[in-house]
Amino acid sequence: MTTLTPRTFTERASQVILSIPHGKVMSYGLVAAYAGNPRAARQVTRLLHSSSKKKNLPWHRVVNRNGKISLKRFQGYERQRQLLKKEGISFSQDDAIDFKTCLWHPDPDKLFF
DNA sequence: CTCGTGACTCCCG
DNA sequence: TCGGGAGCCACGA
């Protein structure tokens with residue numbers, strides 16, 4: 001395999017995010033944890049800001065630890081919500097996603113680190 | 001090297 | 001239960 005082992009946290013986090021399949025979601029903290037640093041949740045947000053378009057990341061599949069969308073309405077809240085619904089994800093009446101059925105846990109064996 | 005940033009999370013009162 | 005404050009951290013300027 002020619003894929004290079006991610007060196008930086010950001011690269012690993014990108015890989016984790018890319019591993020989230022259609023119809024599943026992960027929290028910022030969980031992404032950070034799988035990327036190697038449970039406390040770097042905030043860095044995940046920076047990654048999404050800086051490279052979500054560039055790297056074509058499924059940014060909408062990342063929500064906060066309560067299963068809710070962190071974006072403010074004017075920031076794209078509705079767009080994210082719609083993208084998720086389009087993937088078959090449903091929201092409870094308080095706009096939370098059910099982690100029991102939608103939370104994704106990457107298979108460690110498929111990650112390079 | 002220092003500093004600001006940010007779609008987070010945890011801890012209290 | 002809810003809100004505010006503080007901790008945490010990688011990365012780019």
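Residue numbers begin at 1 in each chain, while the letters A, B, ... track the order of the sequences.
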*Heavy-atom neighbours of A:Q82 CD exceed 12 at 6.0 Å*: no

Output the rounded distance in Å from [atom1] ([X]) to [atom2] ([N]).
X	N	atom1	atom2	value
A:I69	B:dG6	CD1	C1'	18 Å
A:E11	C:dC11	CD	C1'	12 Å
A:R65	B:dC11	CZ	P	9 Å
A:R12	C:dC9	CZ	P	14 Å
A:N66	C:dG3	CG	P	13 Å
A:R46	C:dG12	CZ	C1'	7 Å
A:R39	C:dA6	CZ	C1'	14 Å
A:Q75	B:dG6	CD	P	10 Å

*Minimum heavy-atom separation for A:N64 to A:Y28, with atom names?*
N-CE1, 3.5 Å

*Considering heavy-atom distances to DNA chain B, does A:Q43 or A:S27 have its closest nucleotide positioned more toward the 5' end?*
A:Q43

Measuring to OP1 and OP2 of [N], would you say a side-chain N or O of [X] lies under 4.0 angstrom away?
X	N	value
A:N37	C:dC8	no
A:S70	B:dC8	yes
A:T8	C:dC11	yes
A:T10	C:dC11	yes

_Among A:I20, A:I69, A:L84, A:V62, which residue satisfies the side-chain contact (heavy atoms from CB on, under 4.5 Å) criterion with A:V25?_
A:L84

*Just checking A:Y28: base, sugar-phosphate only, or nothing, at a heavy-atom cut-off of under 4.0 Å?*
base

*asked:* So, under a plain 3.5 Å distance rule, would you say the side chain of A:R42 forms a donor-acceptor pair with the base of C:dC8?
replied: yes

*So which of A:H105, A:Q15, A:R12 actually passes side-chain hydrogen bond (donor to acceptor under 3.5 Å, both in side chains) with A:Y34?*
A:H105

*Minimum side-chain heavy-atom gap A:L57-A:L47 below 4.5 Å*: yes

